[in-house]
2 protein chains.
Amino acid sequence: MTGGTPTPRKATRRDVARLAGVSDAVVSYTLNGTAPVAATTAERVLAAVEQLGYRPNQAARALRSGSADTLAFLVPSSSDPVFTNPFFGEYASTLEAAARDRGYALYTTATSFHPDEVLARFREFAARQIDGVLVLAGDTPLDSTALDRVGLPWIALNVATRERGVASLGTDLRAGAVATTTHLLEHGHGSVGFVGQDDPSEPRYIGWLQACAAAGVPAGPFVAAEVTRPGGRDAGHRIVDDRAADPGRAPRAFFVASDRTAVGVLRAFHERGIRVPEDIAIASFDGSSEAEYAWPGLTTFRQPVDEMARSAVTRLLATDRDHAHELFPGELVLRRSCGCPDAGR
Amino acid sequence: MTGGTPTPRKATRRDVARLAGVSDAVVSYTLNGTAPVAATTAERVLAAVEQLGYRPNQAARALRSGSADTLAFLVPSSSDPVFTNPFFGEYASTLEAAARDRGYALYTTATSFHPDEVLARFREFAARQIDGVLVLAGDTPLDSTALDRVGLPWIALNVATRERGVASLGTDLRAGAVATTTHLLEHGHGSVGFVGQDDPSEPRYIGWLQACAAAGVPAGPFVAAEVTRPGGRDAGHRIVDDRAADPGRAPRAFFVASDRTAVGVLRAFHERGIRVPEDIAIASFDGSSEAEYAWPGLTTFRQPVDEMARSAVTRLLATDRDHAHELFPGELVLRRSCGCPDAGR
DNA sequence: TTGAAAGCGATACCAT
DNA sequence: ATGGTATCGCTTTCAA
């Protein structure tokens with residue numbers, strides 16, 4: 001048994017109209033401001049609304065108007081536990097705030113990023129009269145043609161490179177990698193290695209190469225790693241092993257492609273007694289809170305998640321939607337892992 | 001400009017009916033199994049659905065049936081960034097899977113836990129024909145009477161103690177604290193201190209006291225700390241300061257009430273050169289992935305989030321809802337921070 | 001400024 | 001087994 005008080009039937013617009021002595025339409029006008037209403041009439045309506053505790057039925061509204069006043073936020077439920085993604089949290093809060101500011105609710109859902117499933121989710125959203133979809137892109141490419149066919153506006157977040165016909169945005173990873181690598185080089189570490197995905201077209205990889213070239217030093221070793229903590233730990237172990245095998249040319253610094261990965265690398269170094277930054281310096285990418293509380297604190301290139309999230313909502317809701325790829329600058333946050341003195345935290 | 005192909009008007013139930021040469025009702029019967037339909041007719045209907053790419057309009061369905069086939073998951077957006085809560089992620093994935101298994105979508109939203117706002121969100125959910133609410137309780141108590149009045153079934157997750165009239169569940173914190181503290185004592189640390197909220201009625205606090213009493217040792221010092229990383233760091237600094245002031249009776253071990261807090265404590269210890277577990281041993285609570293990748297790995301009492309999430313959905317959707325408080329056992333995960341040898345990870 | 005009434009798309013009751 | 005049709009609660013012409 002529910003055990004609660006027997007809920008009185010919910011008040012509808014009609015009840016309000018009757019109590020206020022006006023027609024259904026006027027209630028609607030008053031509440032939505034869709035037509036001018038005499039001040040005294042409005043007052044009576046509002047009083048009736050208050051007295052009855054009336055709340056418009058959103059399903060009816062959605063049916064009639066074709067909009068549920070809701071945005072969906074689709075996040076990947078990949079190998080590393082979904083929502084555990086450090087970014088996800090920041091994105092979600094800001095998106096939710098931004099959406100709310102504009103009168104929309106935000107519907108956050110996880111999905112595997114198999115193209116079929118993404119498409120299925122889009123269809124489901126359409127059926128629910130969702131107004132737009134924010135997609136936190138994983139590495140999986142999206143079938144934009146199929147998604148567009150669903151007829152829902154959507155925008156991809158956290159995207160590295162422009163893709164034809166897709167509205168997207170993301171941090172300028174290449175520029176960030178250049179800044180971070182350059183900083184590492186300025187510490188005089190001689191050469192800087194790279195830990196990250198094995199993908200020559202990846203902007204962070206490219207930026208790393210560019211920074212090394214610009215400094216006139218040979219690029220340090222490339223160490224392939226999955227962008228997860230276990231992946232980083234693994235890579236860390238390999239780095240330590242290589243170092244043991246050939247101490248002479250062992251690199252003194254690494255640019256690690258993500259905070260998550262760096263946490264794993266750090267872990268591996270601790271396990272093997274490698275001191276950071278004394279033996280090997282590290283700088284990573286993302287600027288999540290993991291970087292702050294790692295030991296030592298991780299120097300990291302912060303992605304401007306807040307701004308990106310706000311822009312995403314704005315663009316998604318814009319009437320003149322574009323298919324541009326918007327690139328955001330980030331900023332380097334200095335901590336001890338790169339060799340900088342630890343400034344407080 | 002959206003630039004896409006002009007979307008053809010969405011097919012409705014009526015289009016399907018016409019194409020299949022049946023009435024609207026039969027389409028409904030076929031799709032929902034609400035009435036017997038001849039096999040050949042069903043086939044024609046299904047074919048029409050397929051051909052038209054028909055998807056029932058959920059808003060209409062919700063309006064008519066009073067159910068949106070959707071559950072809401074309300075998480076606190078407190079000081080520590082919302083979704084960053086280590087538990088949130090695990091809960092969200094499992095809840096979503098469990099809901100989906102039963103044909104419901106899950107709507108995840110953050111809110112401050114000011115009673116007024118929670119109530120407002122409940123009302124909003126009701127207006128959207130949401131079928132039930134899963135509340136990830138923060139420390140804030142909920143006004144169950146007010147919430148019940150909204151008429152939505154709901155259940156509180158992550159709850160420590162039974163409260164009259166509230167359906168809830170949570171880990172047996174007290175038992176976990178006993179197990180964890182006892183383990184610490186078995187390492188022969190002499191006495192064990194406690195780092196956590198300043199609340200004598202808190203089950204982890206009580207469990208800590210009980211374990212000390214049972215072992216016949218005086219309870220070590222109590223160090224108040226907010227349940228956040230900064231809070232833990234703060235507490236850690238105080239511990240180190242006290243230790244410096246009176247090295248003689250400095251405690252050798254601490255039970256820390258959450259992984260988050262412990263990460264902060266660890267950070268403080270690192271900053272001050274205190275070795276864990278050699279100088280001070282630590283064990284914490286939650287069993288999140290932060291504990292695994294901390295250095296040293298944190299011994300922690302794992303909460304069975306998955307089971308709790310599944311049970312929550314089951315109970316929320318049960319026809320005979322109860323107001324019980326369901327307590328789940330957890331398990332101690334041993335790592336190096338307590339003094340155990342590090343077993344692999 | 002206000003009211004009457006026509007739908008939005010689906011469900012389910014009542015006939016047949 | 002199948003078909004008409006009232007109805008869910010709201011928005012929005014169109015007239016008054």
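Reckoned from all heavy atoms, side chains included, excluding hydrogens, waters and symmetry mates. Convention: sequence-line order gives letters A, B, ...; per-chain numbering from 1.
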If you take any heavy atom closer than 4.0 Å to DNA chain C, which residues from residues 40-64 of chain A end up in contact? A:Thr41, A:Leu63, A:Arg64
Applying side chain to side chain donor-acceptor pair (under 3.5 Å), name anything that partners B:Ser311, two or more places apart in sequence or on another chain. B:Glu326
Just jot down the side-chain contact (heavy atoms from CB on, under 4.5 Å) partners of A:Thr161, sequence neighbours excluded, or say none. A:Pro203
Under the side-chain contact (heavy atoms from CB on, under 4.5 Å) test, which residues partner B:Pro115, sequence neighbours left out? none
Cut-off 3.5 Å, no hydrogens considered: what does the side-chain donor-acceptor table look like for residues 48-57 of chain A, sequence neighbours left out?
{"from": "A:Asn57", "atom 1": "OD1", "to": "A:Ala59", "atom 2": "N", "distance (Å)": "2.7"}
{"from": "A:Asn57", "atom 1": "OD1", "to": "A:Ala60", "atom 2": "N", "distance (Å)": "3.0"}
{"from": "A:Asn57", "atom 1": "ND2", "to": "B:Gln129", "atom 2": "OE1", "distance (Å)": "3.3"}

Mind grabbing the angle between the end helix axes of the helix from C:dT1-D:dA16 to C:dT16-D:dA1? Five pairs an end, 10° rounding. 30°
Mind telling me whether B:Tyr107 and A:Tyr107 have parallel, tilted or perpendicular rings, with 30° and 60° as the class edges? tilted
Rounded to whole angstroms, how far apart are CZ on B:Arg14 and C1' on C:dT11? 14 Å
The correct set of residues in residues 22-30 of chain B placing a heavy atom under 4.0 Å from DNA chain D is B:Val22, B:Ser23, B:Ala25, B:Val26, B:Tyr29
Looking only at the side chains, is there a donor atom on one of B:Asp69 and B:Ser67 sitting less than 3.5 Å from an acceptor on the other? yes
Is B:Arg13 near enough to C:dG9 that one of its side-chain N or O atoms lies under 4.0 angstrom from OP1 or OP2? no
Sorted by chain and number, sequence neighbours left out, side-chain contact (heavy atoms from CB on, under 4.5 Å) with B:Ala126 holds for A:Lys10, B:Val150, B:Leu152
Cut-off 3.5 Å, side chains only: do B:Thr70 and A:Arg128 have a donor facing an acceptor? yes
Without decimals, in angstroms, what is the distance between A:Asn32 CG and C:dT2 P? 15 Å
Salt bridge (charged side-chain N to carboxylate O under 4.0 Å, His left out) contacts in which one or both residues fall within residues 17-30 of chain B, not counting sequence neighbours: B:Arg13-B:Asp24, B:Arg14-B:Asp24
Counterpart residues, side-chain contact (heavy atoms from CB on, under 4.5 Å), relative to B:Thr314 (two or more places apart): B:Arg102
Across all chains, not counting sequence neighbours, the side chain to side chain donor-acceptor pair (under 3.5 Å) partners of A:Glu43 are none
Could you tell me whether the side chain of A:Thr41 and the main chain of A:Val37 form a donor-acceptor pair under 3.5 Å? no
Pairing of B:Arg121 and B:Glu124 as salt bridge, 4.0 angstrom limit: yes
DNA chain C contacts among residues 123-132 of chain A, heavy-atom distance under 4.0 Å: none
